[in-house]
Amino acid sequence: MSTVPRLAQETWDCMLPGPPSRNNGGSIDCSTSGLLAYGAGSSVSIIDTRSMQLVTVLPMPAPSINSSSSSSSSLAPFVTSVRWTPQPLRRDILTHEPSNSHLILAVGDRQGRIALFDFRLKHVLLWMDFDSPSNSKLGVQDLCWIRVKTDSWILASINGPSLISLWNTSTGRCIWKYDASPEYFSCIRRDPFDFRHFCVLGLKGFLLSVKVLGDGEDDVVIKERQIPINDSNELLKLERESSLNPSSPALAAFPQYVVKFCFSSQWKHILYITFPKELVVFDLQYETSLSSTALPRSCSKFLDVTPDPDCELLYCAHLDGKLSIWRRKEEQQVYTMCTMEELMPSIGTSVPSPTFLAFVLCQSESTLQSVRNLYPDRSPSSPISMGYSNASDSSGESLVISKSNLISVSDDGKLWCWFLKAEGARDCSSLSSDTAVSKTTFADANSNTKDLSIDGPVLDASKESEPINVISSRLLSTTSPNVNLSFKISLIGQLQLLSSTVTVLAVPSPSLTATLARGGNNPAVAVPLVALGTQGGTIDVIDVSANAVAASFSAHNTMIRGLRWLGNSRLVSFSYSQANEKAGGYINKLVVTCVRSGLNRKFRVLQKPERAPIRALRASSSGRYVLILFRDAPVEVWAMTKNPIMLRSLALPFTVLEWTLPTVPRPSQNVSSSRQSSSSKEHTTLTPASVVSSISASTEDSKATNSEGSNDDTSESFAFALVNGALGVFEVHGRRIRDFRPKWPSSSFVSSDGLVTAMAYRLPHVVMGDRSGNIRWWDVTTGVSSSFNTHREGIRRIKFSPVVAGDRSRGRIAVLFYDNTFSLFDLDSQDPLANSLLQPQLPGTLVLELDWLPLRSDKDEPLVLCIAGADSSFRLIEVNIVDKKSTSLPRAIKERFRPMPLCSPILLPTAHAMALRMILQLGVKPSWFNTCNATKDNSTYRIPGTDSSARDLRSYMIESFLPPVGDSVVPELLLKVLEPYRKDGCILDDERAELYSTVVHKGSAIRFAFAAAVFGEPLEALFWLQLPRALSHLMNKSVNKPPQKGPVPSFPDLGDTSTLLRVTSKGYSTGREKKDTVSYGRLKLMAFEQEELWESANERAPWHEKLEGEEAIQNRVHELVSIGNLEAAVTLLLSTPPESSYFYANALRAVALSSAVSRSLLELTVKVVAANMVRTDKSLSGTHLLCAVGRYQEACSQLQDAGCWTAAATLAATHLQGSDYARVLQRWGDHVLHNEHNIWRGENRSGVFATLMVIENGASQVIGTPPDKARKGWKEVDSQSFSPIHTWANIRVRIRNFNLIPRSTVLEDQFFSSQVEIMPESTFSFEETPVLREVKTCSPMPENRSWKEVVSGQFSQFEIQGGNSTKKQEYSVVATKIARQQQKSK
């Protein structure tokens, strides 16, 4: 319990926002420093996520109105979007004035206005609005900050259904617009890898990618994309049924059809998109969807999606308040749902259940988790070791993968803080080796606890050869298939604000005769409690000293229409509902609620419906009597004893009734009040829960008194007005009611033209207001009266201000009019109207109910007015008395107490925040965080193992080898500035102080990372966390040795060698094997080692294997080349069809890349490219490539395929020899013979000779070739075991068919004999030529003749085809004929 010291200008008003609703569009944002902002009605609530306390509320000012506009247009519209600035805390305080640039909040509303709030000063710094009136009413759908320079940011907004705007945050002017009608834009997000880039998504899948290169209109580059949607029928149906204004944004037009997306925090260019029933993974680089997963039918529609910052997990919220957790499959961008969790506990909720609106992930906690993961506390008794260590459990199988803090918001005013932990289990075989290393390294780590900053800069690097427990210091990979994930979600915090729309307000004003409990004579003290009745039937009790909801009671099922205090410990309320239509009537319900116990007890319970509903409820200041006013029915007077008793009914036509208020307190009451005031000055207060319990503690003396038999002689009175304007005062004494018989005013006092609608009564004055705006007051003891006209509408409420001893005026009143405005008057002044302060004191807010807070105990203290706004907010406004005039100043009331310290360093004044940051970086001993604040167990919080406080503040600083900051007195000055905050425990909370004590002696890098994380700068924190690895990598490279084989020089004050090697990998893997056991989380975003970079890129490659299209191929090739997979890149390039516009570029790249791999791959690539070129009539280009790699045979073939026969023959004659050359000519001859059918024309004649000279599977020379060269050619054929007989026989048949040579045996014999003569003997194969085999079998070889002579002489005699007989002759017959011919020749 403490008071946060603040500067004079840093005062905070007491305001509680109303509950949020769907009209706020789920507007929520959590800063990196742990401040949560969300829209609630027309206000923005700021919450500290660590302590779950309301910091402040920023009401949205009303828009400026013209004189012709109606009063309703002055209402502040709903807040629809909020975004914290990403600007960090400015460090250049010497060159710039201290500013709050890191506490700027952008707020957009339904009317299209955008305000930049200074959170500390609580006022609007700049308004952003369109110059054109047509665009000024386009409601804001979403906001996003975009960086244009190093320290310059602009604001992007979605206005209306389809308008994107960029705003200059210095001038408030719109610098760029883009209209995408008829699209409906849904949300806008900034790229975490490039703050200049953002994307906008529409309900129909339209995606706009925008990059801002400067602050000019021409510096904006856009790309349009379309994401395919499997089912868009629902949206089309909603569009047909929608009857809203076409300029309404998506959140207003289709509140149940939500489309959201987020950037991946692990992978660049990856988007996760949720349509109502579909999860899509989209790749911006490839401009295509990588996967699409349909939501199971049993699950409700998606509401929002956010990624885990350190793991491959997605958190998706659903409309029914559930959270689904999705896990990525290995080597794919496909997500599968793991589990479903509840974000809204169902225990104790009302029916119907509240609506889930939004959720957000706390980024500040994720950054601190990175510090915990890399530098866990080894102490087994440490809370961090027990609650946050990543080490495995006793079984060695369960490992912590992820820890996240989530906050969910519902429309009943509740905020839930959840702690989500993901654990994984692996096979023991995969863990055994790591466990052994872990045990060894832990022992070494515990034995070496020296701090480098104290013991020296040089340590032996060989002491730590392996990373310290790579399993515990890194997070287990969520994509590994051998990891089974389990999730545990725990509720660790809750904040209860106003649960529903406020309908009534009640302030306890106990009189002199009021008692705490059910009777007795002990006077009741004034308590800082205010009760609010809500539309949902709950009673919220507000502790105004803590600005928090102390208790909430569900007393009714319908709207509470009346609420009053009975003393200061009980509440009476009523509601009514209509009975069934047939029977008619009303069911009235009256409930007495005990604030101490929370029990609700009904009274006046009837069996049948009544004819008239209850109109109003009036309770006496003592709480003993209650007047129940009915509509067109007698008034009932009840004694509120333990069992309430109706005293009598009054059948008079009352219009208004009011009990008398307490008079000036007695001296004893003043003493108690002064004690309370003095205690407040000592900054002590009660928590919201203890406020209620303190009431019961003060009632011990009155419990023995029986209220039923009390014979108290005191009496109370109430004033009334009748329908005819008559006035009266009745006195209630015990169970008797009698006429007070006041001294009546003159007859002119009664007005005939106005019905009395409001009244206030405090002895001896009765003040009345009528529906004509007249205020009249009357002294019941003297009969003196007066009146004046307010020139306003009818008066609804009149409330006397509290009076204390020494007040110069007792006639100050607050008047609430029927137009929901109010004014303050001093009836003791000569001209009350001239000295009044009229509305608007709260611009943009209509006042629903008001009353004075009766806590004033001194005349110099300001008056405090309680206001329940029509926007469901609750506020306190100070009214200061200056120069005998009642003057209301609309300044905020100081926040006096908090139930627990608000440990948020970012909220400190800029200079003080910089001092704290420097102290944390330099290193302060953990004992500095020890505080003397009393806790619940009346003990003093003290970090274990720390020293007691010392008088010299410089002794708190640790010894360091870092250069000193200025003079040695500088740290002491910084500590003195922070001393008030330290004494109040407002520096760091227990958990973060414990974490700091763990890392403070582990080097300056980790201290800098911790300070950056605390002040909400995650990128800087990641830099400092990665710095030891970078320095270790640099030192290893400098000595050109592995880090395990020798001492490595260390840098001063950067942590010992174990720290530097803790996050260093074991070495570069030459085989580049994929490590699926660990994940670096966000640290891999700053990877610099070859293995890390390669593994990250290699993991992306399989995602795109199934993608098609020219653009996808280009990106895939670049990806494959980057990871060194040139073979796959060449294969992919060769798959480009020749018709594509990318064919020649891809062919060139394929040839170039293949040349870097191998000669065989180059030749194959060129062959494929050339073949594709032929298909596009570009054979000449293909042959050039083939010739370049020596593939002349394929070049000739492609030329022949293209019809370039002469060019092919020329190329063959130039570069080919032997059989390769013959094949070219053979194919040419076949073409001439079969396709042209007239080979004697022109140049085709050469083809005839080619035909005549070609042999199957062999080669020969044309006619006229010298015999020696011919024999050389046949030797080549012989070396390949070819038989030319087949081809010669075929030639014989062809010549005969074409009639090229006359059918003369002599000519044929001469022709073929001349050719056979030059053929080697070995070319005749008996085995391959069946005819020769038969001849050899049938007859012996002639002595004087060779087989060449035998065979050549038989061509004219027998039609031998390739050594085979004709179809009409068998082998044996031919052989016989040959043998006979041989015998004749002899």
Side-chain angles (χ1 to χ4, degrees), residues 1 14-19 51-54 345 347-350 354 410 412-416 491 493-510 516-518 524-557 559-560 562-575 591-602 619 623 685-699 849 851 853-855 866 868 872-874 876 897-900 936:
M1 295 176 291
C14 181
M15 177 179 176
L16 287 178
S51 61
M52 291 303 291
Q53 294 186 82
L54 178 66
I347 300 177
T349 58
S350 58
S410 56
D412 60 348
K414 291 184 175 66
L415 285 84
W416 311 87
L491 182 64
Q494 181 197 10
L495 177 62
Q496 169 70 64
L497 299 179
L498 300 182
S499 58
S500 182
T501 303
V502 177
T503 55
V504 291
L505 177 146
V507 175
S509 299
L516 276 172
R518 295 174 297 275
V525 296
V527 293
L529 299 177
V530 176
L532 301 176
T534 65
Q535 194 171 7
T538 60
I539 301 175
D540 294 333
V541 180
I542 310 301
D543 180 6
V544 295
S545 63
N547 194 28
V549 178
S552 184
F553 309 108
S554 180
H556 298 265
N557 296 326
M559 180 177 67
I560 297 178
L563 179 66
R564 287 292 183 271
W565 283 89
L566 301 177
N568 60 5
S569 62
R570 292 188 301 164
L571 292 165
V572 58
S573 58
F574 82 91
S575 64
V591 177
V592 175
T593 302
C594 180
V595 178
R596 296 172 300 157
S597 62
L599 296 177
N600 296 317
R601 177 177 296 182
K602 299 180 183 179
T685 187
L686 299 174
T687 62
S690 61
V691 169
V692 180
S693 62
S694 64
I695 300 175
S696 60
S698 60
T699 62
E849 289 285 351
D851 205 342
L853 190 66
L855 295 180
C866 304
S872 299
S873 64
F874 171 76
L876 297 183
F897 308 107
R898 280 199 176 275
M900 64 182 298
K936 293 182 180 180

Compare every heavy atom of [Y] with every heavy atom of [X], then report the nearest pair and how far apart it is.
X: P345; Y: W416; result: CG-CZ3, 3.6 Å
X: V544; Y: L855; result: CG2-CD1, 4.1 Å
X: R570; Y: G623; result: NH2-O, 4.0 Å
X: Q496; Y: D412; result: NE2-O, 3.6 Å
X: W565; Y: V507; result: CD1-C, 3.5 Å
X: N600; Y: A555; result: ND2-CA, 3.8 Å

Those residues that, when tested against T538, pass side chain to side chain contact (heavy atoms under 4.5 Å, CB included) (two or more places apart): S499, T534, D540, S552, S554
Only counting residues at least two apart or in another chain, list the ones meeting side chain to side chain contact (heavy atoms under 4.5 Å, CB included) with S872. P19, T501
Report the distance from atom [atom1] of [X] to atom [atom2] of [Y], rounding to the nearest 0.5 Å.
X: F874; Y: E849; atom1: CZ; atom2: CD; value: 12.0 Å
X: I542; Y: C866; atom1: CD1; atom2: SG; value: 10.5 Å
X: S573; Y: F553; atom1: OG; atom2: CZ; value: 11.0 Å
X: K602; Y: H556; atom1: NZ; atom2: NE2; value: 9.0 Å

Quick one: do V549 and D543 satisfy side-chain contact (heavy atoms from CB on, under 4.5 Å)? Show the steps, please. CA-CA 6 Å; V549 178; D543 180 6; over 6 Å; no
CA sep, side-chain torsions, deciding dist, call: V504, L532, side-chain contact (heavy atoms from CB on, under 4.5 Å): CA-CA 6 Å; V504 291; L532 301 176; over 6 Å; no
For N547 and L54: C-alpha separation, side-chain torsions, deciding distance, then whether side-chain contact (heavy atoms from CB on, under 4.5 Å) applies. CA-CA 8 Å; N547 194 28; L54 178 66; 4.0 Å; yes
What I'd like to find out is whether the side chain of [X] reaches to under 4.5 Å of the side chain of [Y], using heavy atoms alone.
X: V527; Y: P508; value: yes
X: Q494; Y: M52; value: no
X: P17; Y: L498; value: no
X: I539; Y: L563; value: yes
X: S873; Y: M15; value: yes
X: V591; Y: V572; value: no

For the side chain of S500 and the backbone of G536, is there at least one donor-acceptor N/O pair under 3.5 Å apart? yes
Determine yes or no for a side-chain-to-main-chain donor-acceptor pair under 3.5 angstrom, with T503 supplying the side chain and G533 the backbone. yes
How far apart are the C-alpha atoms of L571 and V541, what are their side-chain angles, what is the distance that settles it, and do they pass the side-chain contact (heavy atoms from CB on, under 4.5 Å) test? CA-CA 10 Å; L571 292 165; V541 180; 4.3 Å; yes
